[in-house]
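Since the structure comes first, as structure tokens, the remarks are kept for the end.
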Protein chains: 2
Amino acid sequence: MDSRFTQLINKLREQGHRMTPQRAAILKAFTENPSHPTVEQVYEQVRREFPMTSLATVYKTVAMLKEQGEIIEISLGAGSSRYDAARLEPHAHLICTGCSRIVDVDDSQLAVAPEYLAEKYGFNLHSQRVDYYGLCPSCQAAGQSQNQP
Amino acid sequence: MDSRFTQLINKLREQGHRMTPQRAAILKAFTENPSHPTVEQVYEQVRREFPMTSLATVYKTVAMLKEQGEIIEISLGAGSSRYDAARLEPHAHLICTGCSRIVDVDDSQLAVAPEYLAEKYGFNLHSQRVDYYGLCPSCQAAGQSQNQP
DNA sequence: TTTCTATTGAGAATTATTATCCTTTACACA
DNA sequence: TGTGTAAAGGATAATAATTCTCAATAGAAA
Ligand SMILES: [Mn+2]
Ligand SMILES: [Mn+2]
Ligand SMILES: [Zn+2]
Ligand SMILES: [Zn+2]
């Protein structure tokens with residue numbers, strides 16, 4: 001069974017997207033980083049292998065992945081957006097308001113059934129987001145002051 | 001029983017915050033608008049009564065309310081943040097990816113129990129956010145193109 | 001190879017939010 | 001009812017994230 005990275009490459013190729021070394025490196029960086037990196041962080045990582053890469057290219061790749069539904073954007077109030085292209089299935093996040101660490105929640109039965117909501121409010125749902133905000137263990141230990149979400 | 005607006009005014013007064021006409025108008029606009037307005041929208045509304053009001057003042061008020069935990073910020077990927085100071089108790093949102101309308105979900109049993117997560121991952125939770133993304137009835141009718149969250 | 005056009009890189013432009021800094025004013029108290 | 005003082009306001013500059021622009025480059029189909 002192919003890795004998420006390989007599957008994604010194949011899918012994009014099939015859809016007629018060209019595969020450049022920069023794009024492949026960006027896709028690899030996103031799909032193989034489980035820590036919900038920012039665009040800037042992926043840019044820094046890709047630059048180590050391809051120093052000529054532009055930040056704009058990373059942004060363009062993210063836009064393309066969003067169109068394809070192949071990346072989840074986690075926009076917090078302050079600072080830059082975080083992304084998860086490693087795990088696409090719906091999952092909740094634990095977000096530390098001290099250090100901004102984002103941890104995947106693996107086995108949660110995610111919130112109420114969307115079908116029920118679709119009917120009650122007439123919405124046609126396609127995705128969801130569940131965040132829990134709090135302090136991670138190390139920030140608790142450090143007695144960090146917390147900036148509410 | 002006092003309105004949310006009156007209660008908030010009283011709480012802030014007790015905490016030593018001064019109550020200016022602009023501030024009161026901003027608080028009224030936020031607490032009595034259930035449509036999750038942006039800062040800009042509240043600014044426009046307040047300006048109708050107090051034309052001299054500055055946008056910066058609205059931002060400062062929002063910052064103060066965040067510190068007090070008296071406003072919920074809903075930061076979406078694009079555009080400006082949306083706010084809910086009308087309802088503070090935890091509740092989920094239906095967010096239309098066609099027109100950005102945000103609707104409160106009233107009677108949902110919100111997601112999994114935070115206590116369970118706190119134990120499993122060592123997080124000390126203080127708030128949560130549950131969003132459902134989809135198309136609202138009118139955007140479905142209009143066959144709107146949707147920009148994934 | 002040649003051709004065609006998607007993609008890239010560099011930097012400008014845009015947008016939302018925050019910071020600055022001087023003025024105004026709420027309000028505790030005389 | 002005045003006064004002092006620090007909080008709050010107004011105007012605008014600064015910052016930060018993201019998007020746009022456009023000429024140059026390079027996948028990939030023929
Ligand atoms: Mn995740
Ligand atoms: Mn709400
Ligand atoms: Zn932390
Ligand atoms: Zn809509």
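As the structure is a prediction and not an experimental result, all values here were calculated from the model.
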Taking Arg4(B) first and then Glu70(B), would you say they form a salt bridge - that is, a charged N and a carboxylate O separated by under 4.0 Å? yes
Ignoring hydrogens, what is the shortest heavy-atom contact between Gln140(A) and Leu135(A)? Give both atom names and the distance. NE2-O, 2.9 Å
Heavy-atom side-chain contact between Asn33(B) and Val42(B) under 4.5 Å: no
DNA chain C contacts among residues 14-30 of chain B, heavy-atom distance under 4.0 Å: Arg18(B), Met19(B), Thr20(B), Pro21(B)
Report yes if some heavy atom in the side chain of Leu65(A) is under 4.5 Å from a heavy atom in the side chain of Leu8(A); otherwise report no. yes
Using 30° and 60° as the class boundaries, would you call the ring planes of His91(B) and His36(B) parallel, tilted or perpendicular? tilted
What are the residues of residues 31-44 of chain B, sorted by number, that bring a heavy atom to within less than 4.0 Å of DNA chain C? none
Please list, chain by chain and in numerical order, all residues satisfying side chain to side chain donor-acceptor pair (under 3.5 Å) with Glu89(A), sequence neighbours excluded. Arg87(A)
With a 4.5 Å heavy-atom cut-off, do Pro37(B) and Gln45(B) have their side chains touching? no
Tyr59(B) side-chain N/O to dT18(C) phosphate OP1/OP2 under 4.0 Å: no
Under the rule for side chain to side chain donor-acceptor pair (under 3.5 Å), what residues qualify as partners of Ser54(A), not counting sequence neighbours? none
For Ile72(A) and Leu88(A) the tightest heavy-atom approach is CD1-O, 3.9 Å
Considering non-hydrogen atoms only, spot the tightest contact between Ile71(B) and Ala85(B) and give its length. CG1-CB, 3.6 Å
Cationic N near anionic O, under 4.0 Å, Glu73(A) to Arg129(A): no
Heavy atoms from other residues, nucleotides or ligands near CD of Gln15(A) exceed 12 (cutoff 6.0 Å): yes
Could you say whether Arg13(B) or Ala78(A) is positioned toward the 5' end of DNA chain C, judged by the nucleotide with the nearest heavy atom to each? Ala78(A)
Heavy atoms only: give me the nearest Thr97(A)-Tyr133(A) pair and the separation to one decimal. CG2-CB, 4.0 Å
Within residues 46-58 of chain A: residues closer than 4.0 Å to DNA chain C (heavy atoms): Met52(A), Thr53(A), Ser54(A), Ala56(A), Thr57(A)
Check the phosphate of dT17(C) against Ser81(B), side-chain N and O only, distance under 4.0 Å to OP1 or OP2. Yes or no? yes
Chain B contact limits on DNA chain D, taken 5' to 3' with a cut-off of 4.0 angstrom to heavy atoms: dA6(D) to dT12(D)
